[in-house]
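Have a look at the structure below before the remarks.
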Amino acid sequence: MFKTSVEIMTEWDIVEARQIGRQEAKMLGFNTVDQARITTAISELARNIYLYAEVGTIEIERIETEGEKRIIITAVDKGPGIQDVRKVMQDGYSTSGGLGAGIPGVNRLMDSMVIQSNVGEGTTIKTEKWLR
Amino acid sequence: MKQLETQYKKMLMDYITYQSEKNLYIAQNFTRQLIQKNVAPEDVVGIHKNVMKEILPQTSNEEQHAYDFLIEVMVQYGMTHRAHQSLLQKQAEYDMEMKIAADIQKTLLKTIVPQLANVDIGMVSIPIRKMNGDYVHFLAEDKKYVCVAVTDVIGKGVPAALCMSMVKYGLETLEYTYKEPPYVLEIINRVIEKSVDDSMFVSMFYGYFDIQKSTFSYASAGHEPALHYSAKNNQFSTLEAKGLLLGVLPDTKYAFNEVTIEENDIIIIMTDGVTEFRFHDDFNARDLITTIIEKNKFLSAQQLCTLLYEQIEQMQDFKLSDDFTVVIIKK
């Protein structure tokens, strides 16, 4: 297992998180299209932090065990939190409330997603993609 | 994906060789297949990139980078495309639910027009959307009386329909008070005020036609005034009645009004969907209605209602802006 984390404070940090994500995805053996998907997912999550939580981190984990290869992206922030997680997962919600932007899209780019959030404390979004 | 790539490769090679319209037509059909299989746009670019590398091995590194760039761009499109698709699916589900709800409403709020020996009654009620915001309720006993409530919920669609069920329930539980129009409105007003959202208002015209005494008493809660055609005088009068919309204040009082009905008289009760003319601001809808009725007064009540609907719909270029309901009672 290999884990990197990038603190997101400026837009350049988004670029850095993307870069690390792409490297790790490539190392695991994801093809170009999947690399682009993983990077876009990272970008969306980092952008949400940058726009709505102001400060947070993106963690990128590369898991390589026998017969299983996957990448885990975790976005952690101490932002305002999400009141109704179920709503954020719905398409079309992004227009009405801050943090929802692109979450269902990220969910579709990746294979799994878990959101934990407490209002006033922050949000953790963990998403994974397996190499097939 | 590998199989699609093989197909794509063959098609692309054919096109590069012949550049015929047939090749492009085949490509179009193939695209249809891709969309059916939910293949994302970025995957298509990925396939193209791989195929290019196979069929033109001399492709430069720069070109391969350019494809990678395009893939990045297409991922974003793909995301939007998939969101769109999931919304379409959701919409189909909503449409289905809506259809079921509309069917339930139709059964629930079905109006049966009473067939009486001495009084001719007709009705037309056409919703502009799936669900009707107008509702007509009759209560009658042959040779004795007929009551009619014509209601219009301010607001449309599902909320209006739900509110209407409440009105119907209220009207059905009136029992022996149906003879007093102001009292009926006061009861329904309390039901609505208590149980329906603040933003929901209902207008209602309630009439009680005493067949033996030949009087028509009525009250109105902010509803479009009804019309009375007197055959003897060959003229129309407006059955106006003051009263607040239902559901605004809990203790609203309504005024009692009464007219005498003579042989061949006609009463026309309608909702504002009948009198509202979108494209003709200065147009007097009531003049049109009275002209149509006067000219065709020998038709049956039902024929008159249908005629009114047809003529007004035509006047409005078949684009009515509101639910259309008219009830006609002829003695």
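Bear in mind that the values here come from a model prediction, so they are computed numbers and not experimental data. All chains are named by letter (A, B, ...) in the order of the sequence lines, taking the proteins before the strands, and each is independently numbered beginning at 1.
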Before accepting this row, confirm whether a basic side-chain N of the pair [X]/[Y] lies closer than 4.0 Å to the acidic partner's carboxylate O.
X	Y	answer
K99(B)	D103(B)	yes
E11(A)	R47(A)	yes
E5(B)	K9(B)	no

Next on the checklist: Checking side-chain polar atoms at under 3.5 Å, does S20(B) have a donor or acceptor matched by the opposite partner on N23(B)?
Outcome noted: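 Distance-only check passes for S20(B) and N23(B).
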
Checklist entry - Who among Q76(B), M79(B), M74(B) has the most heavy-atom pairs with chain A under 4.5 Å? => result M79(B)

Item to check | Among D68(B), D43(B), I71(B), residue most engaged with chain A (heavy-atom pairs, under 4.5 Å) | outcome: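 Going by pairs under 4.5 Å, I would pick D43(B).
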
Next on the checklist: So which residue, G105(A), A36(A), S43(A), ends up with the most heavy-atom pairs under 4.5 Å with chain B?
Outcome noted: A36(A)

Item to check | Leading residue by heavy atom contact count with chain B [cutoff under 4.5 Å; candidates T32(A), D34(A), N31(A)] | outcome: T32(A)

